[in-house]
*Asks:* 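Got a structure for you, questions after.
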There are 2 protein chains.
Amino acid sequence: MDSNALFRKFVAFTVSVHEMTNEMAKEVRSEAITLVQYKILQYIAVSQPVTLSEISDCMHMSMPNTSRELKKLSEKQLCEKVADNEDRRKQFIRLSAKGEAMMNDAFQRIEARFAERVGAISPDEMKEIERALDLLRAKVFY
Amino acid sequence: MDSNALFRKFVAFTVSVHEMTNEMAKEVRSEAITLVQYKILQYIAVSQPVTLSEISDCMHMSMPNTSRELKKLSEKQLCEKVADNEDRRKQFIRLSAKGEAMMNDAFQRIEARFAERVGAISPDEMKEIERALDLLRAKVFY
DNA sequence: CCCTTTACTTATCGATTGATAAGTAAAAAG
DNA sequence: CTTTTTACTTATCAATCGATAAGTAAAGGG
């Protein structure tokens with residue numbers, strides 16, 4: 001297998017990942033928030049505490065737009081901003097209790113779909129999948 | 001490792017995939033098209049020929065919106081619709097020569113970034129990555 | 001042959017989004 | 001101690017997008 005064929009496989013793979021995650025996000029997200037806001041909450045949930053700049057970088061949104069969306073999420077009481085005492089320009093952003101509840105609910109529902117999809121897998125298979133995720137994250141999607 | 005930990009890893013993984021692919025799409029896509037249109041072209045490139053319904057399903061867009069975006073892409077002469085002789089309600093959608101050229105250019109640039117990222121890998125590592133992609137596609141992202 | 005379903009189109013409308021300009025306040029650099 | 005840079009905010013505006021209603025034309029089923 002040459003490098004070009006591997007690359008084609010990589011592209012097709014990313015298309016599949018997008019298809020599946022978008023499907024899950026659609027099923028799972030509350031109607032109180034938009035898809036963009038859901039993705040921001042998901043990122044915060046996975047990486048908290050985060051700064052606004054980090055969200056902006058990771059989501060590839062401009063700072064003004066990130067700030068606006070975060071304001072909306074704060075107004076909906078789904079996340080909180082805590083000033084950094086070391087550097088008062090910065091703020092650490094975390095999910096609020098309500099945000100945690102919403103995301104836990106969403107994650108549980110995705111997890112149910114994930115479990116259903118992965119099926120009754122053996123511990124060996126689980127390890128295999130885990131190793132594959134680790135490998136790709138380390139070498140490709142870092 | 002329990003199933004929940006694997007699930008968390010899965011979520012973090014999908015966030016990474018999104019981050020990387022969005023970054024690449026931003027770098028690579030022509031300003032003549034929107035991000036949504038770029039993703040549609042990418043899907044067509046990987047799966048052609050496709051029907052409008054398939055694009056609609058895979059991209060999780062409604063048929064009217066898919067039809068509209070496809071019309072825009074046709075007007076830009078980036079894709080073509082060919083009626084199916086078996087079932088004249090259907091149409092097969094393909095990239096036009098211009099669309100192929102645009103996507104080949106985009107893919108080449110992504111491939112360069114991919115190669116840079118994967119680095120000078122050994123054939124063994126390449127096989128490992130390939131197997132990981134295959135495994136995850138078969139068991140998780142199908 | 002009619003009725004229903006499938007595949008797709010056209011049109012409309014409000015909400016979300018992205019881009020940009022301009023500003024604040026704190027930290028770091030000179 | 002002034003200047004610059006960093007981190008973030010506020011405001012504005014057009015473009016895009018998602019959702020919905022209504023329609024066409026071909027295929028399939030009874």
Side-chain angles (χ1 to χ4, degrees), chain A residues 18-19 22-23 25-44 47 49-76 78-94, chain B residues 18 22-23 25-44 47-76 78-94:
Chain A
H18 273 89
E19 184 181 358
N22 284 337
E23 192 194 321
K26 268 214 166 163
E27 277 179 32
V28 141
R29 80 160 224 272
S30 142
E31 285 183 12
I33 57 174
T34 67
L35 228 184
V36 171
Q37 289 167 3
Y38 173 79
K39 283 184 179 173
I40 292 175
L41 287 182
Q42 185 176 270
Y43 175 65
I44 299 174
S47 313
V50 291
T51 64
L52 197 144
S53 309
E54 285 169 340
I55 298 175
S56 170
D57 277 358
C58 179
M59 311 288 291
H60 305 287
M61 289 171 62
S62 68
M63 292 270 289
N65 292 336
T66 308
S67 178
R68 177 185 57 198
E69 295 308 318
L70 234 37
K71 195 182 173 189
K72 289 181 192 166
L73 289 171
S74 294
E75 281 165 359
K76 289 171 185 164
L78 295 169
C79 70
E80 293 164 348
K81 300 174 182 178
V82 185
D84 181 0
N85 288 328
E86 312 268 283
D87 182 342
R88 277 184 297 172
R89 287 169 307 180
K90 282 190 190 173
Q91 15 181 317
F92 289 120
I93 295 153
R94 303 189 144 279
Chain B
H18 273 89
N22 285 337
E23 192 193 320
K26 266 213 168 162
E27 276 179 33
V28 140
R29 78 161 225 272
S30 141
E31 284 183 11
I33 57 175
T34 67
L35 228 185
V36 171
Q37 288 166 3
Y38 173 78
K39 283 183 179 174
I40 292 176
L41 287 182
Q42 185 177 270
Y43 175 66
I44 299 174
S47 312
Q48 64 184 331
V50 291
T51 64
L52 197 145
S53 309
E54 286 169 339
I55 298 175
S56 170
D57 277 359
C58 180
M59 311 289 290
H60 304 289
M61 290 172 61
S62 67
M63 293 270 290
N65 292 336
T66 308
S67 179
R68 177 186 56 200
E69 295 309 318
L70 234 37
K71 194 182 173 188
K72 289 181 193 164
L73 289 171
S74 294
E75 280 164 0
K76 288 170 186 165
L78 295 168
C79 70
E80 293 164 347
K81 301 175 181 176
V82 184
D84 180 0
N85 288 328
E86 312 267 283
D87 183 342
R88 276 183 297 170
R89 289 169 307 179
K90 283 190 191 172
Q91 12 180 318
F92 289 120
I93 295 154
R94 303 189 144 281

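Lettering follows sequence order; numbering is per chain, from 1.
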*Asks:* Under 4.0 Å between a side-chain N or O of B:Lys71 and OP1 or OP2 of C:dT10?
*Replies:*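 Indeed, a polar side-chain atom of B:Lys71 lies that close.
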*Asks:* Should we count NZ of B:Lys90 as having more than 12 external heavy atoms under 6.0 Å?
*Replies:*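 Open: at most 12 neighbouring heavy atoms sit under 6.0 Å from NZ of B:Lys90.
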*Asks:* Need to verify one output field. Residue with the more 5' nearest nucleotide on DNA chain C, A:Ser62 or B:Phe92?
*Replies:*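 Its nearest nucleotide lies further toward 5', so the answer is B:Phe92.
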*Asks:* For a quick check of understanding: with a heavy-atom distance under 4.0 Å over all strands, which category does A:Lys81 fall into, base, sugar-phosphate or nothing?
*Replies:*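 The residue A:Lys81 makes sugar-phosphate contact but no base contact.
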*Asks:* Provide, to the nearest angstrom, the distance between the CE atom belonging to A:Met59 and the C1' atom belonging to C:dG18.
*Replies:*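 For the pair A:Met59 CE and C:dG18 C1', the rounded distance is 14 Å.
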*Asks:* Would you mind reading off the distance between B:Leu73 atom CG and C:dT9 atom P, rounded to a whole angstrom?
*Replies:*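 It is 13 Å, rounded to the nearest whole Å.
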*Asks:* Would you please test B:Met59 and B:Glu69 for side chain to side chain contact (heavy atoms under 4.5 Å, CB included) and show each step?
*Replies:* CA-CA 12 Å; B:Met59 311 289 290; B:Glu69 295 309 318; over 6 Å; no
*Asks:* Round to a whole Å and report the spacing from CE of B:Met63 to P of C:dC8.
*Replies:*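 Distance check: B:Met63 CE to C:dC8 P gives 5 Å.
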*Asks:* Does A:Glu19 offer a backbone N or O that forms a donor-acceptor pair with the side chain of B:His60 under 3.5 Å?
*Replies:*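 Between the backbone of A:Glu19 and the side chain of B:His60 there is a qualifying donor-acceptor contact (under 3.5 Å).
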*Asks:* Where do N or O atoms of nucleotides 21-30 of chain D meet protein N or O atoms at under 3.5 Å, pair by pair?
*Replies:*
| from | atom 1 | to | atom 2 | distance (Å) |
| --- | --- | --- | --- | --- |
| D:dA27 | OP1 | B:Arg88 | N | 3.2 |

*Asks:* Pick base, sugar-phosphate or nothing for B:Thr66, based on heavy-atom distances below 4.0 Å to the nucleic acid.
*Replies:*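 The answer is nothing, as B:Thr66 stays clear of every strand by at least 4.0 Å.
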*Asks:* Measure from CG on B:Asn22 to C1' on C:dG18 and round the result to the nearest Å.
*Replies:*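 It works out to 14 Å between those atoms.
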*Asks:* Could you tell me whether the side chain of A:Phe92 reaches within less than 4.5 Å of the side chain of A:Thr51, counting heavy atoms only?
*Replies:*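 In contact.
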*Asks:* Please pick, from C:dT17, C:dG18, C:dC8, the nucleotide with the shortest atom-to-atom distance to any side-chain atom of A:Lys72.
*Replies:*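 Minimum distance to the A:Lys72 side chain belongs to C:dT17.
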*Asks:* Let me spell it out: for each of A:Asp84 and A:Glu69, pick the nucleotide of DNA chain C with the closest heavy atom. Which residue's pick is nearer the 5' end?
*Replies:*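 By nearest-heavy-atom nucleotide position, the 5'-most residue is A:Glu69.
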*Asks:* Ignoring the backbone of A:Thr34, work out which of C:dT17, D:dA7, D:dA19 is nearest its side chain.
*Replies:*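 Nearest to the side chain of A:Thr34 among the choices is C:dT17.
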*Asks:* Return the value, rounded to whole Å, for the distance between atom NZ of B:Lys90 and atom C1' of C:dC8.
*Replies:*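 Atom-to-atom, B:Lys90 to C:dC8, this comes out as 12 Å.
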*Asks:* Please evaluate residues B:Val36 and B:Met61 with respect to the criterion side chain to side chain contact (heavy atoms under 4.5 Å, CB included), reporting the C-alpha separation (whole Å), side-chain torsions for both, the decisive distance (0.1 Å), and the verdict.
*Replies:* CA-CA 10 Å; B:Val36 171; B:Met61 290 172 61; 4.1 Å; yes
*Asks:* Expressed as a whole number of angstroms, how long is the span from B:Arg68:CZ to D:dA15:P?
*Replies:*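 Value for this atom pair: 14 Å.
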*Asks:* How close or far is atom P of C:dG18 from atom CG of A:Asn65, stated in whole angstroms?
*Replies:*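 It is 6 Å, rounded to the nearest whole Å.
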*Asks:* Are any side-chain N or O atoms of B:Lys76 and backbone N or O atoms of B:Ala32, one a donor and one an acceptor, separated by less than 3.5 Å?
*Replies:*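 Yes.
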*Asks:* To the nearest Å, give me how far apart NE2 (B:His60) and C1' (D:dC17) are.
*Replies:*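 Checked: the NE2 to C1' distance equals 16 Å.
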*Asks:* Between D:dA19, C:dC8, D:dC8, which one does the side chain of A:Ser53 approach most closely?
*Replies:*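 The answer is D:dC8.
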*Asks:* With side chains defined as the heavy atoms from C-beta onward, is the minimum distance between B:Lys26 and B:Asn22 less than 4.5 Å?
*Replies:*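 No, side chains not in contact.
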*Asks:* Do the side-chain N or O atoms of A:Gln91 get closer than 4.0 angstrom to the phosphate oxygens (OP1, OP2) of D:dT9?
*Replies:*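 Checking D:dT9 against A:Gln91, a side-chain N or O does come within under 4.0 Å of OP1 or OP2.
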